[in-house]
Protein chains: 4
Amino acid sequence: MSSSVARSERRKKALATVPVDKADPSNEGAESLAEGGRKSILLEVAARQFAKKGFDKTSMRDIAAAFGVLPGSLYHHFNSKDELFIAVYAAGVDRMIDAVAKATENIVDPWDRLEAACVAHLQELLGHENVLAAVLADNSISDGELRKAWAHERGRYEDLLRTLVDAVELNAGVESRYFRLGLLGAINWTLTWYQAGGESPEQIARKLVALFRPLGNPVQFPPL
Amino acid sequence: MSSSVARSERRKKALATVPVDKADPSNEGAESLAEGGRKSILLEVAARQFAKKGFDKTSMRDIAAAFGVLPGSLYHHFNSKDELFIAVYAAGVDRMIDAVAKATENIVDPWDRLEAACVAHLQELLGHENVLAAVLADNSISDGELRKAWAHERGRYEDLLRTLVDAVELNAGVESRYFRLGLLGAINWTLTWYQAGGESPEQIARKLVALFRPLGNPVQFPPL
Amino acid sequence: MSSSVARSERRKKALATVPVDKADPSNEGAESLAEGGRKSILLEVAARQFAKKGFDKTSMRDIAAAFGVLPGSLYHHFNSKDELFIAVYAAGVDRMIDAVAKATENIVDPWDRLEAACVAHLQELLGHENVLAAVLADNSISDGELRKAWAHERGRYEDLLRTLVDAVELNAGVESRYFRLGLLGAINWTLTWYQAGGESPEQIARKLVALFRPLGNPVQFPPL
Amino acid sequence: MSSSVARSERRKKALATVPVDKADPSNEGAESLAEGGRKSILLEVAARQFAKKGFDKTSMRDIAAAFGVLPGSLYHHFNSKDELFIAVYAAGVDRMIDAVAKATENIVDPWDRLEAACVAHLQELLGHENVLAAVLADNSISDGELRKAWAHERGRYEDLLRTLVDAVELNAGVESRYFRLGLLGAINWTLTWYQAGGESPEQIARKLVALFRPLGNPVQFPPL
DNA sequence: TATGAATGAGCATTCATTCAT
DNA sequence: GATGAATGAATGCTCATTCAT
């Protein structure tokens with residue numbers, strides 16, 4: 001719940017949208033509950049489109065059609081396709097961060113925390129009609145400005161992961177950086193082969209984490 | 001298997017010896033008898049373009065310009081962009097298979113074989129001006145016919161990997177499928193974060209494989 | 001004539017005292033009684049925009065942003081972009097007429113009057129951050145209704161010029177019409193090559209007028 | 001005739017178009033006579049459009065329609081609207097230069113040369129369905145790259161004018177620069193008020209030049 | 001084999017304007 | 001007076017592809 005508030009705070013910063021020159025937004029309390037309305041619906045609609053086809057192949061026309069509006073009208077809400085994309089992306093990252101935070105909040109054992117985080121990550125990634133997947137995996141983002149914003153959002157999530165990984169006790173000689181990147185790769189690569197109907201994202205996550213978990217880990221340091 | 005190697009042997013010869021933009025047309029008579037050297041040059045040129053920008057963002061114009069020809073002329077060699085891409089991709093897979101085959105041919109220990117394969121894989125992927133990387137990682141291939149052909153080529157390589165993985169002795173409870181997919185994910189994900197100038201592809205590969213290698217593996221089950 | 005001066009007196013007061021982007025809304029009560037000060041501010045803001053970029057390239061969005069308002073809101077003040085432009089243009093012509101009238105009011109010799117008028121004209125045209133220049137020189141006004149209104153405003157000023165020119169004694173064989181158009185052309189063409197920092201508009205005007213002034217003119221026909 | 005050759009030489013340099021990487025253009029002699037065909041027709045069609053409506057208001061669609069082709073097809077000939085425009089513009093300048101050169105080639109008296117040049121200039125400017133007029137007078141060219149090319153072409157013509165003006169004997173105290181700019185202004189300003197059907201461009205030019213011609217000029221140096 | 005010319009569909013974006021609230 | 005949302009038409013441009021020469 002508190003994380004949810006944090007989320008929208010973050011989003012406000014990330015989006016930093018249009019207000020031309022405009023007056024004081026002093027009565028913001030009023031809108032925070034169920035307003036924002038149209039814009040956040042657009043955000044979700046766009047997310048679904050980007051997820052389905054990737055950034056390049058999703059045209060503003062597609063999004064406009066799905067939103068029930070003419071193409072030009074989208075520019076009332078976002079100044080460019082890039083801006084819309086990074087807003088969608090930032091929202092996705094927020095969501096991921098919230099999911100991981102909530103999933104780990106009552107767990108103390110570092111390995112269990114990490115596993116719970118990965119389960120949440122993969123559920124978020126593969127569920128919801130894959131809304132977040134293509135967005136996060138999209139590698140067609142190659143132009144300067146957009147790439148920078150994209151990397152920034154991505155970094156926010158990776159920072160969280162780093163914290164979780166650093167808390168874990170690794171086998172001698174294993175570098176934490178490679179452990180983190182390897183684990184992330186193993187998990188995100190599911191996007192490449194996952195098919196709905198097989199094992200659940202949760203099961204998959206647990207099995208992948210298990211690959212990296214030192215064998216006797218929970219046993220290795222038995223409490224006295 | 002040997003036929004595949006033979007095929008790619010031929011192809012490699014053509015691929016390896018190509019000047020960047022346009023061969024001097026002086027000794028054309030010599031190679032014209034063999035099997036259409038011009039076509040292989042086009043293949044190599046196209047590979048470089050696809051690698052640099054991905055499938056979608058590489059236009060036939062780009063390829064034609066790099067090949068020193070007008071766009072329409074490309075259609076004398078390939079009937080469509082898809083067809084050209086598949087050819088490029090198949091050549092890339094051939095190359096990968098050859099590299100892995102050669103890297104493992106004198107090694108007997110299964111874990112060592114797997115490690116050697118991963119090293120070769122990553123060297124191939126990250127080296128050569130990244131010629132193969134974007135092609136293999138490209139997820140913008142989503143249309144029916146193209147996707148099918150693409151999956152087929154990809155399958156040829158994954159079959160090889162499966163063989164290598166199946167030979168390895170895994171920790172109890174670890175499913176070979178997840179092991180294989182997790183390892184492949186960890187390794188291919190490097191495309192996302194690798195930066196030339198840091199550790200070498202070889203070092204990276206070894207460290208990533210180590211993550212998956214049971215700790216005392218060669219020792220744990222000593223032959224009687 | 002005097003009514004025109006009176007009108008533009010009023011207008012000038014409004015035009016002259018305007019801060020760039022948005023007046024502080026603190027003392028709004030004071031001027032609201034007069035005659036809609038807000039509208040004159042808009043007029044000035046729009047003038048600056050038209051001056052900077054010409055009619056076509058100035059969008060209602062540009063003007064609205066500079067005025068501190070959303071585009072749609074402009075239509076409370078003017079029914080169309082054309083109408084707004086005409087108003088801006090009329091104000092510019094008023095200003096020009098006033099400047100010329102004031103500059104010539106105490107001069108009796110016709111040639112001196114004409115020279116003074118040209119100096120005032122050019123100062124008005126090239127000074128004031130070029131606020132009037134592009135407006136007067138803009139030849140992108142080509143559509144029917146707008147063009148007509150535009151020609152009308154322009155005519156008001158040219159009538160004044162005609163009066164000044166007709167008072168002047170020309171060389172034998174010189175037609176007054178060509179003299180007037182040639183002089184106007186020479187002077188307005190400065191918009192094409194004038195660069196702030198070189199000679200002043202006043203100097204330029206005097207030198208250009210000198211080109212047209214019969215050599216020994218004041219001397220040539222000495223009063224008996 | 002020799003000037004005509006010079007013209008196309010110049011144009012080749014100014015246009016510097018598309019040839020992707022391409023083969024040797026060794027047999028150019030063949031095309032210089034009546035070839036070039038399609039491209040130069042396009043150039044003329046575009047000139048007419050630009051002349052009628054100015055740069056901004058002429059859309060590529062307009063030009064394409066007038067050329068009898070779909071919009072995208074224009075990009076086979078020119079890479080951008082800007083490039084097309086500067087080609088049109090350069091051709092116009094070439095034409096102007098040729099016209100002036102031819103008009104003055106057998107005249108020796110400097111004032112007569114200058115007058116003949118102005119007549120040719122104005123005929124070129126106001127004749128030919130005004131093909132060149134709007135192009136030369138267009139002040140909507142404001143963006144960096146395009147503006148630079150535009151200024152360059154314009155400069156070529158102004159250099160020629162300078163030569164003609166410098167040869168002329170001016171009244172004492174008249175600076176040649178102001179004389180040149182004033183004359184050019186007077187003449188080009190005709191675009192603002194010229195109406196076909198009245199006096200001919202030739203008559204207008206002579207009368208305008210007369211305004212600047214020192215009164216007793218032909219008398220000033222009486223033949224013995 | 002290659003060129004030169006064209007197609008037809010699609011793209012992101014901009015613009016003046018309208019109108020219910 | 002002003003906003004927020006939308007319209008509908010236009011704009012410059014790109015792309016894979018075709019085909020007569």
Side-chain angles (χ1 to χ4, degrees), chain A residues 18-20 22-23 35 37-39 42 56-64 67-84, chain B residues 28 32 36 38-39 42 56-64 67-84, chain C residues 28 32 36 38-39 42 56-64 67-84, chain D residues 18-20 22-23 35 37-39 42 56-64 67-84:
Chain A
V18 239
V20 192
K22 301 280 292 303
E35 206 262 345
R38 209 78 183 113
K39 196 156 188 165
L42 169 54
D56 276 338
K57 293 206 180 157
T58 300
S59 72
M60 290 302 264
R61 280 163 172 81
D62 291 338
I63 297 170
F67 190 48
V69 129
L70 291 187
S73 305
L74 294 179
Y75 292 82
H76 179 61
H77 304 282
F78 294 94
N79 291 323
S80 69
K81 190 186 177 187
D82 284 11
E83 208 172 82
L84 171 53
Chain B
E28 268 187 317
S32 70
R38 195 104 177 97
K39 195 158 185 166
L42 170 52
D56 276 340
K57 293 203 179 160
T58 300
S59 71
M60 291 300 264
R61 277 165 176 76
D62 292 337
I63 297 169
F67 190 47
V69 125
L70 290 189
S73 305
L74 293 180
Y75 291 82
H76 287 292
H77 304 282
F78 293 94
N79 292 320
S80 70
K81 191 185 177 186
D82 285 9
E83 212 169 80
L84 170 54
Chain C
E28 269 187 317
S32 70
R38 196 104 175 98
K39 194 157 185 167
L42 170 52
D56 276 340
K57 293 203 179 160
T58 300
S59 71
M60 291 300 265
R61 278 165 176 77
D62 291 337
I63 297 170
F67 190 48
V69 126
L70 290 190
S73 306
L74 294 178
Y75 290 82
H76 287 293
H77 304 282
F78 294 93
N79 292 320
S80 70
K81 190 187 177 186
D82 285 9
E83 212 169 80
L84 171 55
Chain D
V18 240
V20 192
K22 302 279 294 302
E35 206 262 345
R38 210 77 182 112
K39 196 156 188 166
L42 170 54
D56 276 339
K57 294 205 179 159
T58 300
S59 71
M60 291 302 265
R61 279 162 174 82
D62 291 338
I63 296 170
F67 190 47
V69 127
L70 292 187
S73 305
L74 295 179
Y75 293 82
H76 178 62
H77 304 281
F78 294 94
N79 291 322
S80 69
K81 189 186 178 187
D82 283 11
E83 207 173 84
L84 171 53

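Below, chains carry the letters A, B, ... as their sequence lines are ordered, and counting in each starts from 1.
Here the straight-line distance linking atom CE of Met60(A) with atom CG of Leu70(A) works out to 13.0 Å at 0.5 Å rounding. Between atom NZ of residue Lys39(D) and atom CZ of residue Phe78(D) there is a gap of 5.0 Å, rounded to the nearest 0.5 Å. In this structure, NE2 on His76(A) lies 11.0 Å from CG on Leu42(A), to the nearest 0.5 angstrom. Atoms CG and CG, on Leu84(B) and Leu74(B) in that order, are 7.5 Å from each other to the nearest 0.5 Å.
Atom pair Leu84(C):CG and dC15(E):P shows a separation of 15 Å (rounding to whole Å applied). The interatomic distance linking Phe78(C) (CZ) with dG1(F) (P) rounds to 11 Å, in whole Å. Taking atom NZ of Lys57(C) as the reference point, atom C1' of dG12(F) lies 14 Å away to the nearest angstrom. The nearest whole Å value for the distance from the CG atom in Asp56(A) to the P atom in dA16(F) is 12 Å. As rounded to whole Å, 8 Å separates atom C1' of dC11(E) from atom NZ of Lys81(A). Rounded to whole Å, atom P of dT14(F) lies 8 Å from atom CG of Asn79(D). Residue Asp62(C) contributes atom CG, which lies 11 Å from atom P of dT14(E) at whole-angstrom precision.
Of the possible polar contacts, one joining the Lys81(C) side chain to the Thr58(C) backbone as a donor-acceptor pair under 3.5 Å is found.
The phosphate of dC13(F) has OP1 or OP2 within less than 4.0 Å of a side-chain N or O from Tyr75(D).
Take the nearest nucleotide of DNA chain E for Ser80(A) and for Ser80(C): the residue whose nucleotide is more 5' is Ser80(A). Between Thr58(D) and Met60(B), the residue whose closest nucleotide on DNA chain F is further toward the 5' end is Thr58(D).
Pair check for dA20(E) finds dT3(F); Watson-Crick or G-U wobble, both atom distances under 3.5 Å.
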Is there any protein nitrogen or oxygen under 3.5 Å from a nitrogen or oxygen in nucleotides 6-10 of chain F, and what are the pairs?
| residue | atom | partner | partner atom | Å |
| --- | --- | --- | --- | --- |
| dA6(F) | OP1 | Arg38(A) | NE | 2.4 |
| dA6(F) | OP1 | Arg38(A) | NH2 | 2.5 |
| dA6(F) | OP2 | His77(A) | NE2 | 2.9 |
| dT7(F) | OP2 | Leu70(A) | N | 2.8 |
| dT7(F) | OP2 | Ser73(A) | OG | 3.1 |

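Looking only at side-chain heavy atoms (C-beta outward), Arg38(D) and Phe67(D) come within less than 4.5 Å of each other.
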